[in-house]
Amino acid sequence: MRLYLIERPRTFIVTTNSHALIIRHPSPTYKHYTLKGLVTGYGKSKDANNKDNNVLVEFVLKDYLDLSSYRDITPKNNKRLLGLLGLLNVKGKIFIGFITRDELVASATIDDKIYKITNTDFYCLNNDEYDYLLEREYESLSHQERERLRYPAASVQRLLSSGGFYYSKTFDMSSNIQERGNNSGEFKLIADSDYFKRFMWNGFMSEELIESRNRMSVSEQKIIDKSGLLVIVTRGYAKTVNTTIGKDEALLTLISKQSCAKEGPLFGDWGSDGNGFVSNYLESEIIIYTKKFCLSYIIVRGNVPMYWELTNNFTTKNILAPNGRQLVFPRSFEASQESFVRHLDRLAAQYGDIHILNALSDKSYKGVLNDAFEEQISYYLKHKESEDSGFKVLYNHVPITASRVKKIGYSGQNPYDIVSVFADSIVSFGALFYDSSSTSFIGKQLGVFRINSFDSLSKANFLSKVISQEVIQLAFRDIGIELDRDIFLKHARLWEENDICISKLTLNYVSTRDKLHKSNTTIKSALVKSNITKKYFGGVVESKPNEIAMLKLLGRMQDQSPVTIFNPLHNYVSKELNKHAKEFTSRTDLCVFTSTFNVNAEVYDGDITKWIYPNDVQGGYDLILIGLQEIVELNAGQMVNTDFRNKTQWERKILSVLLKHDKYMVMWSGQLGGVALFFFVKESQVKYVSNVECSFKKTGLGGVSANKGAIAVSFKFSDTAMCFVSSHFAAGLANTEERHHNYKSLTKGIQFSKNRRIQNHDAIIWLGDFNYRIDLTNEQVKPMILQKMYGKIFEFDQLNQQMASGESFPFFAEQEINFPPTYKFDKGTKVYDTSEKQRIPAWTDRILFLSIQNLIQPLKYNSCQDIIFSDHRPVYATFTITVKIVNQTIKKNLSNEIYETYKDSRSGIYDILVKAYTDKDLNDENSGLPPPSSDKQKWWLEGGKPAKVSIAALNDEENGGPTGGSDLVMNPWRPINPFERTNEPEFVSKKELEALQN
């Protein structure tokens with residue numbers, strides 16, 4: 001990237017190889033300095049104290065611009081523009097920030113590099129008084145001279161350059177691998193989702209840029225993402241070390257990200273805010289990467305999530321802490337409970353189930369805090385049992401002492417008594433495991449450990465190390481790989497370094513604001529060693545400079561307000577494109593085949609053509625969705641360590657049938673325990689499919705076991721968002737309520753990136769073995785089946801009753817059932833169950849659909865009666881789904897044409913911005929409002945006539961003015977306020993004025 005500047009009108013241009021970002025303030029001020037900082041003259045605009053936060057920004061092709069009159073101010077002396085941090089408003093001045101030096105510190109995968117920021121530069125957008133920073137000689141100035149030339153953003157520049165901030169050019173650092181997927185080398189913005197915003201430390205600077213980027217076309221977004229014009233910065237720790245897994249080389253990486261979301265103090269002895277955000281919150285991700293696979297695991301920690309603080313002020317409810325400070329509970333129990341619930345809800349929305357490990361001491365003032373927290377968690381768990389929240393919360397008190405942490409140290413051994421407390425949850429939660437050979441996610445982390453201690457530093461870090469080590473051991477033991485001791489030693493060293501780094505970042509920026517006791521004492525530096533300890537000192541009063549810098553970065557100073565971006569040319573082009581939408585947009589109908597089949601752990605050797613291509617259905621499918629249940633035998637071993645061989649065989653078998661009719665490919669397939677989902681796409685349609693993501697959730701045994709649950713795939717077909725779900729609900733005639741809870745748990749627990757759920761799609765098809773039964777006896781049902789009285793039987797169908805009452809699957813629809821119940825048969829026959837249990841025939845296997853925009857039109861719904869190897873029968877349904885197709889080539893060409901037409905080739909960049917900013921075409925043509933006023937035309941004059949003012953005293957020929965009136969000029973010494981009394985005449989002669997000036 002390169003940076004260009006033109007002084008008047010003051011405009012910055014950031015260029016990449018192909019595009020340019022034009023940035024200008026509509027009302028800049030001018031004040032010229034020499035290098036020594038002495039004022040040589042003023043050239044102020046009429047509003048020298050303008051604090052307008054509006055900024056004009058446009059993203060255009062570089063070829064549109066003539067940069068010959070612009071000054072190249074790209075940093076020199078081994079500095080470069082590596083990334084755009086955003087726009088920062090400080091004391092009425094708006095600065096553009098850039099990363100100019102970095103250091104490679106980690107590599108999560110071969111392609112995903114992580115850099116530590118070592119230098120940043122800031123440039124003032126709306127004032128030229130800091131342009132001495134552009135001079136090469138500034139680098140050679142002494143420290144005293146630089147201090148004299150300080151500028152408002154200098155403290156933020158030093159903070160960002162201090163070594164605690166990180167970014168990546170290939171992925172969004174605020175995210176984790178599970179959220180962003182395995183898109184190696186392809187930048188994908190995640191930070192605009194609710195959860196990940198908390199780790200985006202330049203959010204105040206770049207929020208408007210992100211919003212502007214989101215309004216661009218998909219092709220423009222990709223260009224922005226790859227160019228470095230949008231950088232996501234995190235704070236914390238990141239490092240990679242080399243190791244070996246078996247005989248393969250591997251990368252072992254630890255990434256920790258501090259949160260900046262909490263209102264009020266981010267660090268120190270404080271609890272939560274009203275939104276449930278807490279001080280000292282940290283997310284850590286351990287990653288092991290080889291060419292064959294990638295393992296990722298996430299652990300979070302933070303201060304106790306309720307209202308509490310240490311203060312010097314005595315209240316009615318306080319406990320004495322060190323140095324006379326007091327532990328205070330400033331809010332009621334009910335208020336703390338609300339904040340606590342919000343904290344857990346956010347965690348559950350992102351990770352699923354939660355296991356809280358409380359490492360608070362049970363002695364002294366910490367013991368009081370521990371008792372208060374246990375009262376909160378007990379109340380929550382007691383009342384949660386009567387509600388269906390869709391996730392589980394487990395709790396254990398692990399009062400490990402600091403002396404024990406110091407004694408054990410960061411060795412490769414784990415204390416068994418601690419591990420035993422949460423071993424079951426490690427198995428239940430699983431870990432993200434990506435298999436590169438099959439390009440599929442074998443496992444996914446379905447829950448998270450949430451650790452709290454008093455300051456969430458050393459003890460929380462130690463427990464995080466213990467948990468992640470157990471996860472690594474279990475994961476590789478399950479796949480039969482013996483790990484060397486070397487990996488555990490390196491793993492322990494990473495966590496030890498993480499402890500030192502995070503503790504230093506935390507203690508150096510402990511908030512000193514809002515302390516009520518006033519004195520001249522300042523907080524003493526904390527002792528940071530490998531076994532971090534913290535000393536508390538009372539009497540802290542003023543905010544430290546580094547804390548003020550942090551507040552500026554986050555936009556939390558009282559005089560700060562966010563910058564508002566106006567993208568005039570892009571807004572105009574978007575409006576014009578909408579007018580011509582029919583030229584590049586069309587609608588087409590897709591033929592979609594869907595099927596669900598409980599295969600009873602069998603891999604069928606016979607012909608399945610009649611199932612995939614039944615006689616009553618015409619072929620030519622565009623999309624094929626097939627969900628299988630009980631693809632493996634549901635024993636205890638399969639619930640923990642799933643066998644994928646059956647899935648592979650079924651996938652090949654189905655594909656071989658499809659390939660006999662047309663060219664198809666497996667777009668995605670996945671398995672959760674006994675539930676599998678296959679998504680096939682006709683090759684001619686693959687180009688329209690994008691953003692394929694998977695999600696799954698267990699519901700067996702209360703969410704612990706994979707014998708029941710669902711797996712889902714989300715994708716976009718051109719501009720239409722679709723979601724396909726395959727599920728297996730609880731069995732048993734009387735378990736209607738449990739099946740209802742299965743549905744609710746899945747709708748809440750299955751989510752995709754940016755917190756999208758199943759219902760956040762344009763077209764949804766949900767199929768599976770729902771296990772809903774018929775509330776009749778065998779003696780009643782079987783005769784009606786023989787008489788094909790399916791409508792009468794359907795009246796007693798449990799799912800039908802649930803949908804009719806609006807309980808399960810509200811707003812979903814199902815085609816009319818005109819086929820016999822598909823469960824339960826004696827295997828290999830067409831005879832319903834003759835075993836001792838004599839199960840009542842039922843339509844357990846169903847296919848439902850939902851589209852708010854009525855994009856789905858049902859065609860056929862039937863079962864295949866000739867596939868008899870299982871105790872179920874396959875059920876299939878075909879649909880027509882109407883999708884919107886956007887021809888990106890035509891749209892891009894039309895967009896370029898509009899750009900070219902609108903751009904005045906004889907004008908410069910200033911004219912492009914100003915014309916677009918004031919042009920009446922940007923107004924809503926249907927609003928009935930007149931065009932805006934200008935220097936020559938006023939909106940209140942009919943027809944926009946030119947504004948004209950005549951003063952008789954200055955025009956004696958036309959208006960009968962006094963003799964010599966044409967020699968008169970306005971008196972510059974009259975008061976600005978026209979109502980102020982004065983003896984100064986309105987006009988003076990030119991000769992008199994010249995005499996006074998000389």
Side-chain angles (χ1 to χ4, degrees), residues 174-180 190 193-199 236 254-259 261 272 276-278 280-287 295-305 340-359 377 380-381 384 389-396 398 418-419 421-433 441 443-453 456 460-472 474-475 495 498 695-698 702-704 706 745 748-753 755:
S174 69
S175 67
N176 50 59
I177 289 181
Q178 179 155 303
E179 179 70 16
R180 64 179 177 267
I190 304 291
S193 69
D194 179 63
Y195 179 79
F196 292 106
K197 280 183 179 179
R198 67 177 64 190
F199 304 119
L254 177 58
I255 303 171
S256 289
K257 302 184 292 266
Q258 291 181 320
S259 170
S272 62
F277 297 115
V278 298
N280 296 353
Y281 187 84
L282 184 84
E283 179 191 273
S284 295
E285 180 180 17
I286 193 77
I287 303 167
L295 172 71
S296 166
Y297 197 79
I298 298 162
I299 303 167
V300 300
R301 71 197 210 207
N303 285 9
V304 177
F340 178 64
V341 170
R342 291 184 181 184
H343 181 79
L344 292 190
D345 284 348
R346 277 196 175 88
L347 280 179
Q350 186 60 41
Y351 300 108
D353 297 339
I354 305 166
H355 192 154
I356 300 173
L357 297 178
N358 178 23
I377 188 67
Y380 174 82
L381 293 176
K384 179 180 179 296
S389 60
F391 62 92
K392 292 195 310 178
V393 176
L394 303 175
Y395 172 75
N396 285 104
V398 190
I418 297 177
V419 173
V421 172
F422 45 76
D424 290 342
S425 290
I426 289 179
V427 175
S428 172
F429 291 168
L432 181 78
F433 203 97
F441 288 97
K444 184 177 181 180
Q445 186 173 341
L446 303 176
V448 70
F449 285 99
R450 200 289 189 193
I451 305 171
N452 46 267
S453 59
S456 296
N461 192 81
F462 177 78
L463 285 175
S464 299
K465 175 261 176 187
V466 171
I467 293 169
S468 65
Q469 180 169 322
E470 287 299 308
V471 170
I472 293 171
L474 181 61
W495 281 104
N498 184 73
S695 182
F696 49 82
K697 182 173 179 60
K698 305 172 185 177
V704 176
S745 178
K748 293 180 180 180
I750 289 182
Q751 70 177 76
F752 306 95
S753 62
N755 286 324

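Within the model, atoms CD of Glu283 and CZ of Phe196 stand 6.0 Å from one another, a figure rounded to the nearest 0.5 Å. The distance from atom CG of Asp353 to atom CG of Leu394, rounded to the nearest 0.5 Å, is 7.5 Å. In this structure, the separation between CG on Leu381 and NZ on Lys392 is 12.0 Å, given to the nearest 0.5 Å. Annotation: the span from Phe462 atom CZ to Ile418 atom CD1 amounts to 5.0 Å, rounded to 0.5 Å. With rounding to the nearest 0.5 Å, the separation of OG in Ser468 from CD1 in Ile426 is 9.0 Å. With values rounded to the nearest 0.5 angstrom, Ile177 atom CD1 is found 7.0 Å from Ile255 atom CD1.
Listed here is the closest heavy atom pair of Leu446 and Lys698: CD1-CE, 3.5 Å. Ile356 and Leu344 get closest at one heavy-atom pair: CD1-CD2, 4.0 Å. The nearest pair of heavy atoms linking Ser174 to Phe199 is O-CD1, 3.7 Å. Across all non-hydrogen atoms, the minimal contact from Ser175 to Lys257 is O-NZ, 3.3 Å. Taking all atoms of both residues into account, the shortest heavy-atom contact from Ala261 to Ser259 is N-OG, 3.2 Å. Across all their heavy atoms, Tyr297 and Ile467 have their closest contact at CE2-CG2, 4.0 Å.
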Open item on the list: As a quick check of understanding, evaluate side chain to side chain contact (heavy atoms under 4.5 Å, CB included) for Ser456 and Leu282, giving each step before the final call.
Closed with: CA-CA 9 Å; Ser456 296; Leu282 184 84; over 6 Å; no
Task: Worked verdict on Glu470 versus Val427 for side chain to side chain contact (heavy atoms under 4.5 Å, CB included) - done: CA-CA 10 Å; Glu470 287 299 308; Val427 175; over 6 Å; no
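In this structure, Arg301 contributes its side chain and Asn280 its backbone to no donor-acceptor pair below 3.5 Å. Judged by distance alone, with hydrogens and angles left aside, the side-chain atoms of Asn303 form no donor-acceptor pair with the main-chain N or O of Val278 at under 3.5 Å. Panel note: side chain Gln445, backbone Gln178; no donor-acceptor pair is recorded below 3.5 Å.
Cation-pi contact between Arg198 and Phe277: absent, since separation from the ring centre below 6.0 Å together with deviation from the ring axis within 45° is not met. Relative to the ring axis of Phe696, Lys444 places its NZ or CZ within 45° and under 6.0 Å from the centre.
In this pair, Phe429 and His355 present their aromatic rings perpendicular. The plane angle is above 60°, beyond the 30 to 60° band.
If you run side-chain contact (heavy atoms from CB on, under 4.5 Å) between Val398 and each of Asn358, Val466, Ile451, Val421, only Val421 comes through.
Between the side chains of Glu285 and Ser296, at least one donor N or O lies within less than 3.5 Å of an accepting N or O.
When side chains are defined from C-beta on, Phe391 does not count as touching Leu347, because their heavy atoms never get closer than 4.5 Å. Looking only at side-chain heavy atoms (C-beta outward), Trp495 and Leu254 come within less than 4.5 Å of each other.
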